[in-house]
Amino acid sequence: MNTPTPPSTESSSQHHIRQTRIDKLTQWQALGVNPYPYTYEKSDDNAVIQSRYAALEAGVETSDTVSVAGRIMAIRNSGMFIDLQDPTGKIQLFSHKENLSDTLQEQLKLLDIGDLIGAEGTVRRTPRGELSIKVTQFHLLGKSLLPLPEKYHGLTDVEVRYRQRYLDLIMSEETRTTLQTRSKIISELRRSLFDKGFLEVETPILQPIAGGAAARPFVTHHNTLDMDLYLRIAPELYLKRLVVGGLAEKVFDLNRNFRNEGISPRHNPEFTMIELYQAYADYNTMMDLTEELFETIAEKVLGTTTITFGDNTISLKRPWQRKTMTQAVLEVTGLDFSTIHSDAEAREAAASVHVHVKPTDTWGLVLEKILEEKVEHTLIQPVHILDYPKEVSPLAKTHRSDPRLVERFETRINGWEVANAFSELTDPLDQRQRFEDQLRAREAGDDEAHQMDEDYITALEYGLPPTGGLGIGLDRMIMLLTNSANIRDVIAFPTLKPKH
RNA sequence: GCGUGUUUAGCUCAGCGGUAGAGCACUCCCCUUUUAAGGGAUAGGCCCUGGGUUCAAAUCCCAGAACACGCACCA
C-alpha cells in the first residue's frame, strides 16, 4: 500500500491517531489478513439474540453458537470485553485469552474502537448480567482510520451531526431509530394505498411550468434543449392528467418536491410529499382517507394512536374534528365571517383583532390570514379545516353550496398543516378563468401565483371525472410520529450551506 | 432577509486582557470477568477567518463565515 495523503486540514492530534491506525492496518496485512475483505456471513442481528436470550439468567452459559457483525463501540480490559453495535443494537463480546488462539490474541491487540468485525462464539450471560458472546473466532471486516466521538456524551454538535450524518448514526441510537421509523412510515403508507387499489406512478420532477401549488420554484437549465426547466413544486397537474387518461382511477406519487423558500425548523428546500387522486370521490372521501391513513400508520408503526409531541398528547384515533374555516375563526376570535360580506368589512374585522392585512386584500384572503395568525397555533388535536376561499384555491372545485368558497380542507395537527385536499376542479372553462385570475394576481406582484398551463386545460377539456385529491407533507407527518422538533432530524441529509 | 446566541485538543466542555486547561479517545506500561470510566504514565492546540484597540488579545471592538433559535416567507 502506498503512503496515503492525509487531508490538508488535519491537525497533528488527528494525524497522529490516523497514522497509528494506518500502521496497525499494515500489521494486519503483515499477518496475511486483508483489512477490507469481501463478505461475512452472520447468523443473527444483535437485537434478535438479545430478545431470544432475554430470560437467560446471570452466570449461565449456553452451548448455542452464533455469529454477529458490526462496529466496535468500546473496548475494556485490553480487549477482553468489546461492545459490538449493529443497526439493531449492541451485544458484548467476551474474548478471554484462554478461548483464543495465539494468532487471535495478537490480532485482538490490533483492534480499535470503530473497527468493523465479525465474531463467532457461544451465548452466555455474565455473572453481572450482561448478555455476551464467548468468542472463539473473529474477523476484521473493515479497519477504521478515524477516532469516534466520545462515547459518553456522544456527538452533540448539531452541525456535525447534519454534515456527517454517518457519524451521528454511529453514535446516536435516537437518530437511528428516527430514520428507521421514517422508512417504516413510508413503507406502511405505500402498503395501505396498495391495499386500497392505488397505483403508484412517477411524474416529472423537471417541469417547463412549475404548477400545482403556490410557491417559488428552483430553476435549472437543460443544455441540449437550451431551455430553462423548473424543479417541481408539486406533482398535482401531471397526476390529474393520468386520471384524465384513465391510467388508473386511484393514483399516487410519493416523492420529493422543491420550493425555493427560506429554511426553518419546519421547512427544508427539498421535502417529501405524497399526492393521491381518486376518481369519483370528493373532499369528504379524502377526509376519511386522511384519518384512516394516519390512524393505520400510527398503529402499525408505533403500536398506538396516542402520540406525544413536546408537552402535547395527541390522539390520532378516528373520527377527527371537522369545522369550517369560518367556524374555526368564529370560535377563537368571535368574528363571524359568514355574516361579513364586503372586502372592506372583512379588513376592518381583521384590524379589530390586530391582524395586518393589505388594503387590497379580499374577504377570502383576510379570512385565511386570520386563521393562520390567530387560530392555527391553537389546533393541537387533529382537525380538518374546511371550505376555503376561492381566491386562494385555484385548482379546487367551487363549493356546492357557497360560490365564494371551494371544497377544500387542510388538516392541522400540533398547529401544523399536515394535509391539503380538495374536490378537484374538473370544469375546464372554470379552470381557465381561475388561471386568468392568477395571472392578474401575478401581474399585481404575487410571484407565487399560479401560471397558466394550457396543456392542463386541454386535458381537462377531454374530461376529468369527479376526483378527490389529497397531499400529505410526509416530513411533518414523520416529525409528529417521531416527536422530532426539527425537520432536519427526520431528513438524513438536510440542505446546508457548504462549510467554506 | 432581520435579530439573538454559539464557534478553544479527535469528541464533550472549562477559561473571558498577562506565553492554553480538564474528562473521554490516542500512545506506552501494568492487569484478565469488565460495562460512561480496570489501574498508572505520556503526548496532543493558527483558541472559526480578517482587521483594529492595547506594552500585552482565546479573552475587548469592527467586519465576515458556518451553525442554532426566534421573526419574515411558506408545506
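Chain A is the first sequence line, chain B the second, and so forth, proteins listed ahead of strands; every chain is numbered from 1. Everything numeric in this text was worked out from a predicted model, so none of it was measured.
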Problem set entry | Which residue lies more 5' along RNA chain B, comparing A/Arg216 with A/Gly129 via nearest heavy atoms | A/Gly129

For this session: Could you pick out which residue, A/Ser95 or A/Asp83, lies toward the 5' side of RNA chain B when each is mapped onto its nearest nucleotide?
Result: A/Ser95

Give none if [N] has no partner; otherwise give the nucleotide forming a Watson-Crick or G-U wobble pair with it, both distances under 3.5 Å.
N      : answer
B/rG1  : B/rC71
B/rG21 : B/rC13
B/rA65 : B/rU7
B/rU34 : none
B/rA58 : none

Would you tabulate the pairs of protein nitrogen or oxygen atoms and nucleotide nitrogen or oxygen atoms of nucleotides 26-28 of chain B closer than 3.5 angstrom?
unit_1	atom_1	unit_2	atom_2	d
B/rU27	OP1	A/Lys24	NZ	2.7

Sticking with atom [atom1], work out how far [N] lies from [M], rounded to a whole angstrom.
N      : M      : atom1 : value
B/rA58 : B/rG50 : C1'   : 16 Å
B/rA57 : B/rU19 : P     : 12 Å
B/rG1  : B/rC55 : C1'   : 44 Å
B/rG70 : B/rC13 : C1'   : 26 Å
B/rC2  : B/rU49 : P     : 24 Å
B/rC62 : B/rG44 : P     : 36 Å
B/rC26 : B/rG51 : P     : 39 Å
B/rG39 : B/rU34 : C1'   : 13 Å

Problem set entry | Donor + acceptor pair across side chains of A/Asp168, A/Thr175 (<3.5 Å) | yes

Problem set entry | Modelled atom types, side-chain donor and acceptor of A/Tyr166 and A/Gln164, under 3.5 Å | yes

One thing to verify: whether [Y] and [X] come together as a salt bridge, which I'm taking to mean a side-chain N less than 4.0 angstrom from a carboxylate O.
X        : Y        : value
A/Arg434 : A/Asp437 : no
A/Asp44  : A/Arg52  : yes
A/Lys369 : A/Glu373 : no
A/Arg232 : A/Asp253 : yes
A/Lys184 : A/Glu188 : no

Nucleotide of [options] approaching [X] most closely (side-chain heavy atoms):
X       : options                : answer
A/His96 : B/rU32, B/rG10, B/rU34 : B/rU32
A/Arg76 : B/rC73, B/rA25, B/rG38 : B/rG38
A/Ser13 : B/rG10, B/rU33, B/rC24 : B/rG10
A/Ser78 : B/rC31, B/rU33, B/rA72 : B/rC31
A/Asn77 : B/rA37, B/rC67, B/rG38 : B/rG38
A/Phe81 : B/rA66, B/rU34, B/rA72 : B/rU34

Please work out if [X] contacts a base, only the sugar-phosphate, or nothing of the nucleic acid, heavy-atom cut-off 4.0 Å.
X        : result
A/Tyr162 : sugar-phosphate
A/Glu130 : base
A/Asn486 : sugar-phosphate
A/Arg128 : base
A/Gly154 : sugar-phosphate
A/Leu496 : sugar-phosphate
A/Leu155 : sugar-phosphate
A/Arg125 : nothing
A/Lys97  : base
A/Asp157 : sugar-phosphate

For this session: Examine B/rA25: is either OP1 or OP2 under 4.0 Å from a nitrogen or oxygen in the side chain of A/Lys151? Give yes or no.
Result: yes

Take the protein atom [atom1] of [X] and the nucleotide atom [atom2] of [N], then report the distance between them rounded to whole Å.
X        : N      : atom1 : atom2 : value
A/Met171 : B/rC24 : CE    : P     : 15 Å
A/Ile82  : B/rU35 : CD1   : P     : 16 Å
A/Met73  : B/rA37 : CE    : P     : 11 Å
A/Glu150 : B/rC24 : CD    : P     : 9 Å
A/Phe258 : B/rC73 : CZ    : P     : 25 Å
A/Leu131 : B/rU34 : CG    : P     : 17 Å
A/Asp489 : B/rC67 : CG    : C1'   : 14 Å
A/Arg163 : B/rU7  : CZ    : P     : 17 Å

Problem set entry | Quiz item: A/Gln92 side-chain donor-acceptor pair to B/rU34 base, under 3.5 Å | yes

Exercise. Any donor-acceptor pair under 3.5 Å between the side chain of A/Thr126 and the base of B/rU34?
Worked result: yes

Exercise. Do A/Val60 and A/Arg125 come close enough that some side-chain heavy atom pair is under 4.5 Å?
Worked result: no

Exercise. Within 45° of the ring axis of A/Phe409 and under 6.0 Å from its six-membered ring centre, is that where the NZ or CZ of A/Arg322 lies?
Worked result: no

Problem set entry | Worked check of side-chain hydrogen bond (donor to acceptor under 3.5 Å, both in side chains) between A/Gln19 and A/Asp23 | CA-CA 6 Å; A/Gln19 192 53 55; A/Asp23 291 345; 3.3 Å; yes

Exercise. Which word best sums up how the rings of A/Phe258 and A/Phe218 line up, parallel for under 30°, tilted for 30 to 60°, or perpendicular for over 60°?
Worked result: perpendicular

Exercise. Going by a 90° cut-off around 0, is B/rC30 syn or anti?
Worked result: anti

